[in-house]
Colleague: 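Submitted below is the structure of interest, expressed as structure tokens.
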Amino acid sequence: MKITSKGQVTIPFEVRERLGLLPNTEVEFVMERNAVRIVKVVPRRGRGRGGDAVARLKGRADVRMSTEAILALTRAKR
């Protein structure tokens, strides 16, 4: 297996299948002497990345609108 000019390699199907490495699965590289291990990142308990983003945005809106009002705006014909 060769590394591309962009530093990419293809993880063989059998390895992805066995380890459950689906598209968008996060992995990290662990250096060990003269080798590198690719390790699947175990999701944190709790909010996760999406929840963190929502928590940062919560309470930042300055317009008070109900969900129904927002949906009506997005569905309005122009």
Side-chain angles (χ1 to χ4, degrees):
M1 180 175 311
K2 292 184 181 181
I3 297 175
T4 69
S5 60
K6 293 183 178 183
Q8 299 170 337
V9 295
T10 300
I11 301 171
F13 174 78
E14 295 80 16
V15 174
R16 295 191 319 263
E17 191 73 13
R18 181 172 176 191
L19 298 178
L21 300 176
L22 302 172
N24 299 312
T25 298
E26 291 198 37
V27 296
E28 60 185 28
F29 297 88
V30 179
M31 304 278 293
E32 295 180 345
R33 297 185 187 169
N34 293 329
V36 177
R37 285 190 311 130
I38 300 173
V39 180
K40 183 177 178 180
V41 174
V42 177
R44 295 181 302 174
R45 288 187 160 223
R47 294 190 305 224
R49 284 183 9 186
D52 289 344
V54 170
R56 282 192 304 274
L57 294 172
K58 189 172 184 176
R60 298 195 64 171
D62 57 0
V63 175
R64 302 280 180 215
M65 295 179 74
S66 68
T67 303
E68 290 78 20
I70 294 169
L71 289 173
L73 286 174
T74 62
R75 295 179 180 145
K77 294 185 180 187
R78 295 181 182 204

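Index from 1, following the sequence. These numbers come from the heavy atoms of this one structure, side chains and all, not from hydrogens, waters or symmetry mates.
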Colleague: Are F29 and V15 connected into the same hydrophobic cluster when the rule is that any two of I, L, V, M, F, W, Y join if their side-chain heavy atoms are below 4.5 Å apart?
Modeller: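 In one cluster with V15: F29, yes.
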Colleague: Using the side-chain contact (heavy atoms from CB on, under 4.5 Å) criterion, which residues pair with K6? Sequence neighbours excluded.
Modeller: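 So K6 forms a side-chain contact (heavy atoms from CB on, under 4.5 Å) with T4, Q8.
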Colleague: Mind checking what makes side-chain contact (heavy atoms from CB on, under 4.5 Å) contact with L21, not counting sequence neighbours?
Modeller: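 L21 satisfies side-chain contact (heavy atoms from CB on, under 4.5 Å) with I11, R16, L19, T25, V27, K40 only.
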Colleague: When you group the ILVMFWY residues by side-chain heavy-atom contacts below 4.5 Å and let the links chain together, are L57 and V54 in the same group?
Modeller: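 Hydrophobic grouping puts V54 apart from L57.
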Colleague: With sequence neighbours left out, write down each residue that passes side chain to side chain donor-acceptor pair (under 3.5 Å) with E17, or none if nothing qualifies.
Modeller: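 E17: no side chain to side chain donor-acceptor pair (under 3.5 Å) contacts found.
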Colleague: Using side chain to side chain donor-acceptor pair (under 3.5 Å) as the criterion, list what pairs up with E14, not counting sequence neighbours.
Modeller: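 So E14 forms no side chain to side chain donor-acceptor pair (under 3.5 Å) with any residue.
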Colleague: Could you give the side-chain donor-acceptor pairs of residues 58-66 under 3.5 Å, partners two or more places apart or in another chain?
Modeller:
| residue | atom | partner | partner atom | Å |
| --- | --- | --- | --- | --- |
| S66 | OG | A69 | N | 3.1 |

Colleague: Which pairs pass salt bridge (Lys or Arg N to Asp or Glu O under 4.0 Å) with one or both residues in residues 22-37, sequence neighbours excluded?
Modeller: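 As it turns out, the salt bridge (Lys or Arg N to Asp or Glu O under 4.0 Å) pairs with a partner in residues 22-37, which skip direct neighbours, are E26-R49, E32-R37.
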